[in-house]
Amino acid sequence: MSSQGFGPGSPKSFRYPRADYDLESGIPRKARKPKNSHLDAPAPLSSALMKIRYFYEAHPVAVALILLSFGLSVLILLSVYETRFRTMRSGGSEVGAYPFPALRNLVMVAGHSVYTSASCGKLDREDSWFLEPYQRHPGQAATFLAHIKEGVEIAARDQGALLLFSGGETRKDAGPRSEAQSYWAIAESKGWFGNDDSVRSRALTEEHARDSFENLLFSVCRFRELTGAYPQNITVVSYDFKEERFAQLHRSALGFPEDRFFFSGTPGTPATKEAALKGEASVRSQFQEDPYGCLGSLRVKRLKRDPFHRTIPYPNGCPELKDLFSYCGMVPYSGNLPWTH
């Protein structure tokens, strides 16, 4: 009896299936996919998590105290930053936060033009200033110098006074130079601040006002920014024919006490006296109908005097006047004001 091999050519040869095979049913089984090892946490991280878990199970009170301490630290830190943020927005309320806390009176010089000359030796020449057509008269530049000098002299006689030159970048052709900076620079170049620096250190600028009402209102707010309080007394320096506008109309619109408000006027040029009085009567009539300059022609004039679209920062520095700044009416503001208490 011969034996037959089970080679590849033999009919009795048998091949095992390569895949997982169910011998009873004869159906191949699907191969199992290996688990995604990338989803598993790395060994160092897994070890750290296990240690944290064991520590929590062994010391639950200690873990609770640690979490509580962390939460309180975060709350304290947020509270500190919130307080600092509010202090910055309100103009500062910390002791020593204001550069001039001892000053109590305001001397405001209203600007009327921008000095455009590159030389400081031509201060009294009309071609050194940017002048509107109605200002182009001999002697006009000298009237600006008279205002500057008058303001400095008043401040020099009052050691408790803050001197502010007020006026924004009101003329496009004059470039981004403010009336206030022009006046301050001229006082400096003339040596009017004196040698002892007592006035110079108290002479600053308000560089956003676009008309006479804003000269007064913005300077009051600027005073609050610099001193932390509102002025006990206010002295305005301008042309003598503008006294009624400042001392009556603007002062009344602010509700500032009449017995604490003073006006120092200097004359205009003799050649323009008649025209100046006529023009002043017209402007005064407009402010009588629109005390806050927020309607009609006065509002249009303000927009034209802001050629560089400067953002007005007030009343950020004087939060007590927020409602007054937003008020626009034909009758005086009736809300609470710091100087009416």
Side-chain angles (χ1 to χ4, degrees), residues 106-120 122-137 139-152 154-155 162-190 192-193 200 203-223 225-226 234-239 241-242 245-246 250 263-266 268-269 272 276 279-280 283 293 298 301-314:
L106 167 63
V107 177
M108 186 274 285
V109 178
H112 293 91
S113 186
V114 177
Y115 188 76
T116 56
S117 175
S119 172
C120 291
K122 303 177 181 180
L123 302 178
D124 57 352
R125 291 178 52 175
E126 278 65 44
D127 58 1
S128 296
W129 296 78
F130 184 86
L131 302 178
E132 295 292 348
Y134 67 87
Q135 295 176 311
R136 294 170 187 170
H137 302 281
Q140 186 69 43
T143 66
F144 305 149
L145 302 185
H147 293 157
I148 300 169
K149 189 174 183 180
E150 179 72 5
V152 173
I154 294 174
L162 174 69
L163 173 61
L164 287 179
F165 297 108
S166 174
E169 299 170 359
T170 56
R171 306 292 189 265
K172 182 178 181 180
D173 292 339
R177 291 180 279 194
S178 70
E179 297 171 353
Q181 278 291 338
S182 297
Y183 281 32
W184 190 97
I186 287 173
E188 172 85 339
S189 66
K190 281 284 191 178
W192 288 340
F193 289 135
R200 187 180 186 277
L204 287 94
T205 60
E206 184 293 303
E207 301 183 56
H208 295 278
R210 299 164 293 181
D211 61 25
S212 56
F213 177 72
E214 289 188 345
N215 283 139
L216 181 58
L217 176 61
F218 290 3
S219 293
V220 169
C221 190
R222 184 80 173 111
F223 187 94
E225 285 183 329
L226 294 167
I234 297 176
T235 300
V236 172
V237 178
S238 186
Y239 289 110
F241 55 80
K242 293 188 177 185
R245 191 202 304 189
F246 276 104
H250 296 341
F263 184 86
S264 181
T266 64
T269 60
T272 62
E280 175 60 21
V283 175
L298 292 176
K301 185 184 294 185
R302 281 181 184 171
L303 295 177
K304 289 182 178 179
R305 289 181 176 178
D306 185 21
F308 303 108
H309 290 204
R310 291 293 302 270
T311 299
I312 296 175
Y314 318 116

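As a basis for the values below, the full set of heavy atoms in this structure was taken, side chains included, without hydrogen atoms, waters or symmetry mates.
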Check the pair L226, L164 against side-chain contact (heavy atoms from CB on, under 4.5 Å), reporting the backbone distance first and the verdict last.
CA-CA 11 Å; L226 294 167; L164 287 179; 4.2 Å; yes

Give a yes or no on whether the backbone of [Y] and the side-chain of [X] come within a donor-acceptor separation of less than 3.5 Å.
{"X": "H112", "Y": "A110", "value": "yes"}
{"X": "W184", "Y": "F165", "value": "no"}
{"X": "S128", "Y": "K122", "value": "yes"}
{"X": "T170", "Y": "R210", "value": "no"}
{"X": "Q140", "Y": "H137", "value": "no"}

Audit row: S189, L123, side-chain contact (heavy atoms from CB on, under 4.5 Å) steps and yes/no:
CA-CA 10 Å; S189 66; L123 302 178; 3.7 Å; yes

Closest heavy-atom contact between [X] and [Y]?
{"X": "G151", "Y": "V107", "value": "O-CG1, 4.0 Å"}
{"X": "N215", "Y": "S166", "value": "ND2-OG, 2.8 Å"}
{"X": "F308", "Y": "K172", "value": "CZ-O, 3.7 Å"}
{"X": "E207", "Y": "S178", "value": "OE1-OG, 2.8 Å"}
{"X": "H250", "Y": "S212", "value": "NE2-OG, 2.7 Å"}

Could you tell me whether the side chain of [Y] reaches within less than 4.5 Å of the side chain of [X], counting heavy atoms only?
{"X": "K301", "Y": "V283", "answer": "yes"}
{"X": "I234", "Y": "M108", "answer": "no"}
{"X": "T143", "Y": "T266", "answer": "no"}
{"X": "R177", "Y": "R171", "answer": "no"}

Hey, can you tell me if Y314 and F218 have their rings parallel, tilted or perpendicular (30° and 60° cut-offs)?
tilted

Step by step, would you call E280 with K242 a salt bridge (charged side-chain N to carboxylate O under 4.0 Å, His left out)?
CA-CA 7 Å; E280 175 60 21; K242 293 188 177 185; 5.1 Å; no

Any donor-acceptor pair under 3.5 Å linking the side-chain atoms of S264 with those of E150?
yes

Atom pair [atom1]/[atom2] of [X] and [Y] - distance to nearest 0.5 Å:
{"X": "W129", "Y": "L145", "atom1": "CH2", "atom2": "CG", "result": "6.0 Å"}
{"X": "D124", "Y": "K190", "atom1": "CG", "atom2": "NZ", "result": "6.0 Å"}
{"X": "E132", "Y": "S113", "atom1": "CD", "atom2": "OG", "result": "8.0 Å"}
{"X": "L303", "Y": "L298", "atom1": "CG", "atom2": "CG", "result": "11.0 Å"}
{"X": "F130", "Y": "S182", "atom1": "CZ", "atom2": "OG", "result": "12.0 Å"}
{"X": "Y115", "Y": "Q181", "atom1": "OH", "atom2": "CD", "result": "14.5 Å"}

Using 4.0 Å as the upper bound for N to carboxylate O, is an ion pair formed by E126 and R136?
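The answer is no: the pair does not qualify as a salt bridge.
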
Under 4.0 Å between a Lys/Arg side-chain N and an Asp/Glu carboxylate O for E214 and R302?
yes

Check against side-chain contact (heavy atoms from CB on, under 4.5 Å), I312 and D306
CA-CA 10 Å; I312 296 175; D306 185 21; over 6 Å; no

Walk me through it: do L131 and F144 pass the test side-chain contact (heavy atoms from CB on, under 4.5 Å)?
CA-CA 11 Å; L131 302 178; F144 305 149; 3.7 Å; yes

